[in-house]
Undergrad: 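Before we start, here is the structure in question, set down as structure tokens.
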Amino acid sequence: MPVRYDDLVIPDTPAARGALEVAAQYHTPSLLNHSLRAYLWAAAYAQDNGIAFDAELLYVSAMLHDIGLAAEFDSHTVPYEEAGGHVAWAFCAGAGWSPERRARACEVIIRHMWEEVPLEEDPEGHLLELSTGMDISGRRTDEIPAEVRREVLERHPRLEIAKEFSVCIADQGARKPSSFAARFVRNGIVDRIIRNPLDG
């Protein structure tokens with residue numbers, strides 16, 4: 001049976017609700033919707049491909065993966081994904097997570113900017129790297145189940161994500177020339193954002 005939106009596991013734990021609240025407080029509506037879609041694309045892909053994952057860990061990581069782009073958490077010394085990982089570690093400490101689980105949230109967020117995260121080593125990191133690439137640059141969007149794609153975009157529209165993220169990634173790349181953001185800019189990510197089929 002094709003995966004449907006109602007089949008997706010959306011965790012309802014204090015940490016998950018808190019992470020959503022933080023994302024809603026500090027993100028623009030476009031970036032908030034992007035964070036929600038990142039989780040939903042990941043969950044749909046995992047279900048469609050039989051990948052087991054920790055839903056709470058992935059959800060919290062998805063909600064906070066771009067928090068380093070918010071002015072309040074933007075770092076002038078480390079890449080935004082590393083800044084976001086540190087915010088997640090602190091958030092998860094407050095949520096009562098073990099040191100090992102806090103470190104996993106930090107790791108998943110940092111790795112979402114990697115070219116590829118091995119599924120066997122890190123299923124949550126693999127899924128977040130894949131789903132953020134789908135949502136931002138349009139990579140492998142044909143692997144999102146059609147019904148899920150339709151309903152997710154209806155519930156969490158893309159708004160101005162292409163314009164906003166293009167500005168954010170260019171700014172990060174200019175200020176942090178050794179970062180993944182700078183490498184992505186040099187490799188033409190802004191053009192891929194503009195051509196994302198999810199905006200078609």
Side-chain angles (χ1 to χ4, degrees), residues 19 22-23 26-28 30-42 45 53 57-92 102-141 143-144 158 160-199:
V22 170
Y26 290 102
H27 278 327
T28 64
S30 294
L31 276 168
L32 174 61
N33 280 6
H34 160 64
S35 299
L36 289 161
R37 289 192 306 272
Y39 174 78
L40 294 166
W41 300 145
Y45 180 86
F53 67 98
L57 172 62
L58 181 60
Y59 187 89
V60 168
S61 300
M63 292 309 103
L64 301 178
H65 81 277
D66 278 343
I67 202 72
L69 294 175
E72 294 85 351
F73 301 111
D74 187 12
S75 171
H76 290 275
T77 58
V78 299
Y80 82 91
E81 67 274 15
E82 292 184 24
H86 290 301
V87 171
W89 192 100
F91 170 87
C92 293
R102 295 172 218 164
R104 281 290 295 127
C106 180
E107 187 175 59
V108 169
I109 289 172
I110 290 173
R111 289 178 172 182
H112 93 270
M113 289 290 281
W114 287 13
E115 293 289 341
E116 184 177 356
V117 180
L119 172 61
E120 307 76 24
E121 295 177 18
D122 182 356
E124 294 79 22
H126 174 83
L127 290 167
L128 189 61
E129 181 275 320
L130 174 64
S131 68
T132 53
M134 288 172 164
D135 203 63
I136 291 297
S137 63
R139 183 166 52 99
R140 295 171 61 177
T141 53
E143 297 179 47
I144 302 170
R158 293 181 62 77
E160 298 295 322
I161 189 61
K163 179 180 177 181
E164 286 186 24
F165 199 84
S166 295
V167 170
C168 286
I169 198 87
D171 173 65
Q172 291 286 322
R175 291 193 285 115
K176 304 166 190 178
S178 63
S179 66
F180 278 114
R183 185 186 309 173
F184 287 161
V185 171
R186 290 192 295 270
N187 290 340
I189 191 171
V190 173
D191 289 337
R192 293 194 296 278
I193 290 171
I194 292 169
R195 297 196 304 270
N196 190 330
L198 294 177
D199 288 318

Undergrad: For R158, check salt bridge (Lys or Arg N to Asp or Glu O under 4.0 Å) against everything at least two apart and list the hits.
TA: D135, D199

Undergrad: When you look at R139 and R192, which way does the side-chain contact (heavy atoms from CB on, under 4.5 Å) test go after all the steps?
TA: CA-CA 9 Å; R139 183 166 52 99; R192 293 194 296 278; over 6 Å; no

Undergrad: When you compare the side chain of N33 with that of I161, does any pair of heavy atoms fall below 4.5 Å?
TA: no

Undergrad: Looking only at atom types and distance, does a side-chain atom of H126 sit under 3.5 Å from a main-chain N or O of V117, one as donor and one as acceptor?
TA: yes

Undergrad: Determine whether R104 and D122 make a side-chain contact, defined as any pair of heavy atoms from C-beta on separated by less than 4.5 Å.
TA: yes

Undergrad: What I'd like to find out is whether the side chain of V60 reaches to under 4.5 Å of the side chain of V108, using heavy atoms alone.
TA: no

Undergrad: Atom CG of D191 and atom OG of S137: how far apart are they, to the nearest 0.5 Å?
TA: 12.0 Å

Undergrad: Distance from W41 atom CH2 to L36 atom CG, nearest 0.5 Å?
TA: 11.5 Å

Undergrad: Should R37 and M134 count as side-chain neighbours, where that means a heavy-atom distance under 4.5 Å?
TA: no

Undergrad: To the nearest 0.5 Å, what is the distance between NE2 on H27 and CD1 on I67?
TA: 4.0 Å

Undergrad: Closest heavy-atom contact between P197 and T141?
TA: CG-OG1, 3.2 Å

Undergrad: Between T132 and D66, does the side-chain contact (heavy atoms from CB on, under 4.5 Å) criterion hold? Intermediate values first, please.
TA: CA-CA 10 Å; T132 53; D66 278 343; over 6 Å; no

Undergrad: Tell me which donor-acceptor pairs under 3.5 Å the side chains of residues 76-92 have, and how far apart each pair is, sequence neighbours excluded?
TA:
unit_1, atom_1, unit_2, atom_2, d
H76, ND1, R175, NH1, 3.2
T77, OG1, S75, OG, 3.1

Undergrad: Do side-chain atoms of R186 reach the backbone of G173 as a donor and acceptor pair under 3.5 angstrom?
TA: no

Undergrad: Under a 4.5 Å cut-off applied to non-hydrogen side-chain atoms, are L31 and F165 in contact?
TA: yes

Undergrad: Supply the atom-to-atom distance R195 CZ to I193 CD1, rounded to the nearest 0.5 angstrom.
TA: 10.5 Å

Undergrad: How close do P177 and A182 get, counting heavy atoms only, and between which atoms?
TA: O-CB, 3.3 Å

Undergrad: Apply side-chain contact (heavy atoms from CB on, under 4.5 Å) to the pair L130 and R140, showing each step before the final yes or no.
TA: CA-CA 8 Å; L130 174 64; R140 295 171 61 177; 3.7 Å; yes

Undergrad: Under the side-chain hydrogen bond (donor to acceptor under 3.5 Å, both in side chains) criterion, do S179 and Q172 qualify, and how do the steps go?
TA: CA-CA 8 Å; S179 66; Q172 291 286 322; over 6 Å; no

Undergrad: What heavy-atom pair brings S166 and V190 nearest, and what distance separates the two atoms?
TA: OG-CG1, 4.0 Å

Undergrad: Of all the heavy-atom pairs spanning H65 and S35, show the shortest one and how long it is.
TA: CE1-OG, 3.9 Å

Undergrad: Rounded at 0.5 Å granularity, tell me how far CD in E107 sits from CG in L57.
TA: 9.5 Å

Undergrad: What are the two closest heavy atoms between Y59 and Y39, and how far apart are they?
TA: CA-CD1, 3.5 Å

Undergrad: Minimum heavy-atom separation for A23 and L32, please, with both atom names.
TA: CB-CD1, 3.8 Å

Undergrad: Atom CD1 in I136, atom CZ in F184: separation rounded to 0.5 Å?
TA: 11.0 Å

